[in-house]
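We count ligands from 1, going down the list as the structure has it; atoms in each ligand are counted the same way. Quick caveat: nothing in here was measured; it's all calculated off a predicted structure.
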Amino acid sequence: MVTLSDLHAEFRKKYKGNSPSHSFFSPGRINLIGEHTDYNGGHVFPASISYGTYVVAKKRNDQKVRFYSMNFPENGIIEKYLSNLAYEEEDDWANYPKGMIQYIINKGYAIDHGIDILYYGNIPNAAGLSSSASIELATGVALERIFDLELDRVEMVKIGQQVENEYIGVNSGIMDQFAIGMGKENHAILLNCDTLDYQYAPLELNNYRIIIINTNKRRELAASKYNERRSECEAALKDLQKELDIKSLGQLSKEEYDKHQHLIRDETHRKRAKHAVYENTRTLEALEALSNNNLEAFGKLMNESHESLQYDYEVTGAELDAIVHAAWEQPGVLGARMTGAGFGGCAIAIVEKDKIDQFKNKVNNAYSDKVGYDATFYIATIGDGAKELEGRKVR
Ligand code: GLA
């Protein structure tokens, strides 16, 4: 196990005797339900998890910024100046913190000195649990505290999304940064992605646990397929707007969609829009189910969500389907679905506590029979959003 003391020691080693002044943690996220709805102006229902990114840092006296990640030791220390933080492919992972610093400066916040930062992340690699948004927000909270920026948290979340969209060039929605910046222990966040109104919902799981299941499949082509889905939804919206006065698919009820879906000319676009509208409704129903302590109903909505993502939105793929379908058959499972963008990455399942071991064995057997390698299982702990740390433990 890595401890904060290890991070401090590594910082002193890499940055030649200097000790960090501050420590921070920024989580990863799972999404309980509401997938591919954020950029359609709908609702999402994510939660921040206890896996994430640790950061230790110290302000410098000059204009240099230095980044080091214990996850990418082969990249060494990446050294820049505040005046030159433009995106450079060879800077690899460090483009995320570089982008955050650049965009915070662009917004007029005074970052008048350089900084040395060391990162360590324990989010499973390429699992779709938002390690990039985690690094962005880890950097954001470190800068805000160390430079006394008085940067509003929702503003920081928006800057994170802007970095992702404009600086990195991934056209993602607001969900990941919001979940990570605004997370709360043992709560999920129901977020209206159109207005950014949100509410916390206590996650009372009683005898159940949320299991995260990593397909361990590399997420190839994920970005291009993601962008393709976005434009398919935009095309569907355009067709609907010929007769309807709406700004986004998220404004439609299921009934309105059914009544007007013939306006969408392309059959594929029609399926994509149907998912966006129905998934948005399911997300609101899921909040209600959770508020009524009706985990069974919540689980059923998760299953419906997966089916819609499989058949209408077509973002699941053989690996996620194999895992989720195997999970559905196990005793003690209330629901299971893919989480995040899809095309590989992770699924989540709500499983009775006493049946977890059996669940893991059975699902993994079915999965490895089908794809030829193992899945990995984690019990999700829902922790706080990005914050400064005082303790010394790294999970
Ligand atoms: C990725 C994106 C999010 C969201 C999900 C799908 O995680 O970063 O903005 O669109 O996919 O729900």
Sidechain N-carboxylate O distance under 4.0 Å for Glu267, Arg270: no
Thr37 N/O to ligand 1 N/O under 3.5 Å: no
Residue portion contacting ligand 1 (non-hydrogen atoms closer than 4.0 Å) for Arg29: side chain
Gly34 N/O to ligand 1 N/O under 3.5 Å: no
Under 4.0 Å to a heavy atom of Tyr39 - the qualifying atoms of ligand 1, by number: 10 (O)
Exceeds 12 heavy-atom contacts within 6.0 angstrom, atom OH of Tyr200: yes
Between Tyr226 and His36, ring centroids under 6.0 Å: yes
Presence of salt bridge, Arg229 and Glu232, under 4.0 angstrom: yes
Proximity of Phe147 and Tyr109 rings by center, below 6.0 Å: no
Element-labelled atoms of ligand 1 that are located less than 4.0 Å from some non-hydrogen atom of Gly340: 6 (C), 11 (O)
Passing candidate, side-chain contact (heavy atoms from CB on, under 4.5 Å) with Leu191, options Asp197, Thr283, Ile174: Ile174
Protein heavy atom at shortest distance from atom 8 (O) of ligand 1: Asp176 OD2, 2.7 Å
His36 N/O under 3.5 Å from ligand 1 N/O: yes
Shortest protein heavy-atom distance from atom 3 (C) of ligand 1, along with the residue and atom involved: Asp38 OD2, 3.3 Å
Test item: Glu166 side-chain N/O and Gln161 main-chain N/O as donor-acceptor pair under 3.5 Å: no
Atoms of ligand 1, numbered as shown, that sit under 4.0 Å from any heavy atom of Gly173: 9 (O)
N or O pair under 3.5 Å between Glu35 and ligand 1: yes
Pairing of Arg66 and Asp116 as salt bridge, 4.0 angstrom limit: yes
Check: Tyr226 N/O within less than 3.5 Å of ligand 1 N/O: yes
Nearest neighbour in protein (non-hydrogen) for atom 5 (C) of ligand 1: Met175 CE, 3.7 Å
